[in-house]
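Small disclaimer: the values here were computed from a predicted structure and weren't measured.
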Amino acid sequence: MAKTSYWLMKSEPDVYPFERLVKEKKTAWEGVRNFEARNNLRAMAVGDLAFFYHSNIGKEIVGVMRVSKAAYPDPSAKGEDWSVVEVEPVKALATPVTLAAIKADPALKDLQLLRRSRLSVVPVSAEHWKRVLGLAKTKV
DNA sequence: GCCAACGTTGGC
DNA sequence: GCCAACGTTGGC
């Protein structure tokens with residue numbers, strides 16, 4: 001069993017909020033049109049965990065999800081070289097972790113969310129993962 | 001609604 | 001292969 005990797009994926013809540021993922025039980029993470037984000041998707045393995053971040057509205061990490069199917073061609077981009085993964089909800093955070101809270105925490109200053117703010121799929125280190133869960137008062 | 005950051009595209 | 005122009009993302 002390979003070591004679990006951690007990620008953070010962004011969605012605008014008026015396009016696809018975490019609550020909808022909870023309701024639908026799983027979704028294909030479509031629409032990534034950035035090479036680096038795509039490569040991150042392709043690096044994911046089944047069982048990897050990811051934070052669900054609401055961009056623009058909310059600007060906070062609201063939940064945790066699990067990769068349930070590894071990368072395969074994006075059905076919304078036929079004939080083009082894009083990928084999606086399938087994810088399923090794990091749980092909502094007891095306390096959402098806001099962007100402001102992340103910025104205010106020196107331990108999280110190197111979080112890729114801050115350093116690469118425009119990238120929609122970024123890796124998260126195990127240390128940062130634990131730290132964010134601590135702030136969220138949530139166990140996974 | 002504005003603007004900064006930055007990835008992508010296309011001309012040379 | 002460089003670089004300017006352009007488009008998109010996302011915070012404020």
> Among A:Glu12, A:Arg20, A:Glu19, which residue meets the side-chain contact (heavy atoms from CB on, under 4.5 Å) test with A:Tyr16?
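Running side-chain contact (heavy atoms from CB on, under 4.5 Å) over A:Glu12, A:Arg20, A:Glu19 with A:Tyr16 returns exactly one hit, A:Arg20.
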
> Rounded to the nearest 0.5 Å, how far does CH2 of A:Trp82 lie from OG of A:Ser76?
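Answer for the OG-CH2 pair, A:Ser76 versus A:Trp82, is 10.5 Å.
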
> Looking at A:Asp81 and A:Arg38, does any basic side-chain N land under 4.0 Å from a carboxylate oxygen?
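Judged by the 4.0 Å cut-off on N to carboxylate O distance, A:Asp81 and A:Arg38 do form a salt bridge.
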
> Please tabulate the protein-to-nucleotide N/O contacts below 3.5 Å involving nucleotides 5-12 of chain C, giving atom names and distances.
from, atom 1, to, atom 2, distance (Å)
C:dT8, O2, A:Arg118, NH2, 2.5
C:dT9, O2, A:Arg118, NE, 3.0
C:dG10, OP1, A:Lys10, NZ, 3.3
C:dG11, OP1, A:Tyr53, OH, 2.9
C:dG11, OP2, A:Asn56, N, 3.1
C:dC12, OP1, A:Lys103, NZ, 2.5

> With sugar-phosphate meaning primed atoms plus P, OP1 and OP2, does A:Arg33 contact a base, only sugar-phosphate, or nothing at under 4.0 Å between heavy atoms?
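Nothing, no nucleic acid heavy atom in range.
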
> Need the bend value for the helix from B:dG1-C:dC12 to B:dC12-C:dG1: angle between end axes, 5 pairs each end, nearest 10°.
10°

> Find out if a path of hydrophobic residues (ILVMFWY) with successive side-chain heavy-atom gaps under 4.5 Å connects A:Leu114 to A:Val122.
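Yes.
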
> With a 4.5 Å cut-off on side-chain heavy-atom distances among I, L, V, M, F, W and Y, is there a chain of contacts connecting A:Leu99 to A:Val132?
yes

> Show me the donor-acceptor pairs within less than 3.5 Å that the side chains of residues 44-52 of chain A make with the rest of the protein, sequence neighbours left out.
from, atom 1, to, atom 2, distance (Å)
A:Asp48, OD1, A:Ser5, N, 3.0
A:Asp48, OD2, A:Trp7, NE1, 3.1
A:Asp48, OD2, A:Ala45, N, 3.0

> State whether A:Glu80 and A:Arg33 are salt-bridged, where the test is any N-O pair (Lys NZ or Arg NE/NH1/NH2 against Asp/Glu carboxylate O) under 4.0 Å.
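Salt bridge absent between A:Glu80 and A:Arg33.
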
> Does either side chain, that of A:Glu86 or that of A:Ser68, offer a donor lying less than 3.5 Å from an acceptor on the other one?
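There is such a pair (donor and acceptor under 3.5 Å, judged by atom type) between the side chains of A:Glu86 and A:Ser68.
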
